[in-house]
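All figures in this text were calculated on a predicted structure; none of them were measured in a lab. Read the numbers this way: they start at 1 and go in the same order the structure lists the ligands and their atoms.
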Amino acid sequence: MIPCVSWLQPFLALISSSLLTRGQICPSSCLCPDHHTVNCTNQGLTRVPDPIPLGVRRLLLSNNWIPWIPSDFLVLYSDLVYLDLRNNSLSQLEPGTLSTSSRLVFLDLGSNNLTEISSGTFGESRSLIKLRLGNNPYLNMVSRDAFTGLTSLRELELERNGLTALDVMVLESLPSLRMLRLDGNPWLCNCHFAKLFVWLTENHHKLPKGMEGIECSLPMDGRRVPLSLLSEDSFQKCRGTLTLTDYLIVIFSGISVSVAAIVASFFLASTVHCFQRLSKGSKGDEEDGND
Ligand SMILES: *[C@@H]1O[C@H](CO)[C@@H](O)[C@H](O)[C@H]1NC(C)=O
Ligand SMILES: *[C@@H]1O[C@H](CO)[C@@H](O)[C@H](O)[C@H]1NC(C)=O
Ligand SMILES: *[C@@H]1O[C@H](CO)[C@@H](O)[C@H](O)[C@H]1NC(C)=O
């Protein structure tokens, strides 16, 4: 009896371990160094591998050709803490895809082909601390409430994108921000930039290379200058000068005032004329009555 049990032991161990790891199958062409890590770096993948163990916490998918993330991805892998999608072919993020990730702390979407970060992209990601969005050369639009809800975000990378402008609201909505990268973007130092300039001046300690590291091109001749050479006075003209919309409003209101004046004087003139005729008429009546 006893020798039989000892003979069975390794066999039982094998069965139980294979049962235990049933939900832990490592995707082919990936490495799973521990129960919570799936490493598919540099495997020429053209889509997110399937199946990934549901309990995955660290998912490394960098240096592949993945063009999109399924919209239920973070619903499925809700334990994800660390997601690295650096250097893939992502061109857009489906609305809501990343908005359910309540545990995600680190997200790298750098070196992709994103064009726009629309509002609510990261909705409920309250745990997110580091967000990397640099090196997306066509990224030229960050919606003003793109990052609202990211209350824990400390590090935001937006360097070497195609940004010419950024609504300062985007940054004002990040209460925990400590580090911001904005260098290597084709910023335009026009009047729209003035508000961002003021914010950057007040928060220059959050920029790794300070104001020196960021350049913008001058509206007059396109010459690029580091922000450290500019001051709030450089944008002083913006306060005095009127924008095109201001001009249109002024012109339009001018026109409507004159139209109103013409209509009013016409009305007045005809009323006066009318009264004159009326009083003449009644005088005539009186004269007629006297006859
Ligand atoms: C992931 O795997 C690659 C080899 O494919 C290796 O070079 C890299 O160090 C691994 N990363 C981690 C965090 O395990
Ligand atoms: C980006 O990924 C490709 C493979 O998909 C690789 O050949 C290239 O070296 C990677 N670039 C960087 C900067 O890691
Ligand atoms: C990246 O996006 C741009 C414009 O949206 C497109 O012209 C280009 O082909 C894309 N590149 C890749 C590698 O997908």
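For Glu157 and Arg181, the salt-bridge test fails: no basic side-chain N is under 4.0 Å from an acidic carboxylate O. At a threshold of 4.0 Å, the pair Asp84-Arg86 does not count as salt-bridged, since none of the basic side-chain nitrogens sits closer than that to a carboxylate oxygen.
Below 4.0 Å from some heavy atom of Asn87 lie the following atoms of ligand 2, by number and element: 1 (C), 2 (O), 3 (C), 8 (C), 10 (C), 11 (N), 12 (C), 14 (O). Below 4.0 Å from some heavy atom of Arg58 lie the following atoms of ligand 1, by number and element: 13 (C).
Judged by distance alone, with hydrogens and angles left aside, the side-chain atoms of Asn39 form no donor-acceptor pair with the main-chain N or O of Cys32 at under 3.5 Å.
In terms of the salt bridge (charged side-chain N to carboxylate O under 4.0 Å, His left out) criterion, Arg47 has no residue partners (sequence neighbours excluded).
A side-chain N or O of Asn63 and one of Asn87 form a donor-acceptor pair less than 3.5 Å apart. No hydrogens or angles considered: a donor-acceptor pair under 3.5 Å links the side chains of Ser143 and Asp145.
Contact between Asn42 and ligand 1 is absent, with no heavy atom of the residue lying under 4.0 Å from the ligand.
Leu31 and Tyr77 fall into different hydrophobic clusters, defined by Ile, Leu, Val, Met, Phe, Trp and Tyr side-chain heavy atoms under 4.5 Å apart, directly or through other members.
Distance check: Leu229 CG to Glu212 CD gives 6.5 Å after rounding to the nearest 0.5 Å.
By the 3.5 Å distance cut-off applied to N or O atoms, Asn39 is counted among the residues near ligand 1.
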Write 'none' if nothing qualifies; otherwise put on separate lines each N/O atom of ligand 3 with a protein N/O atom under 3.5 Å away and their distance to 0.1 Å.
{"from": "ligand 3", "atom 1": "2 (O)", "to": "Asn113", "atom 2": "OD1", "distance (Å)": "3.2"}
{"from": "ligand 3", "atom 1": "2 (O)", "to": "Asn113", "atom 2": "ND2", "distance (Å)": "2.5"}
{"from": "ligand 3", "atom 1": "11 (N)", "to": "Asn113", "atom 2": "ND2", "distance (Å)": "2.7"}
{"from": "ligand 3", "atom 1": "14 (O)", "to": "Asn113", "atom 2": "ND2", "distance (Å)": "3.0"}

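Of all the heavy atoms of Leu60, the ones lying under 4.0 Å from any atom of ligand 1 belong exclusively to the side chain.
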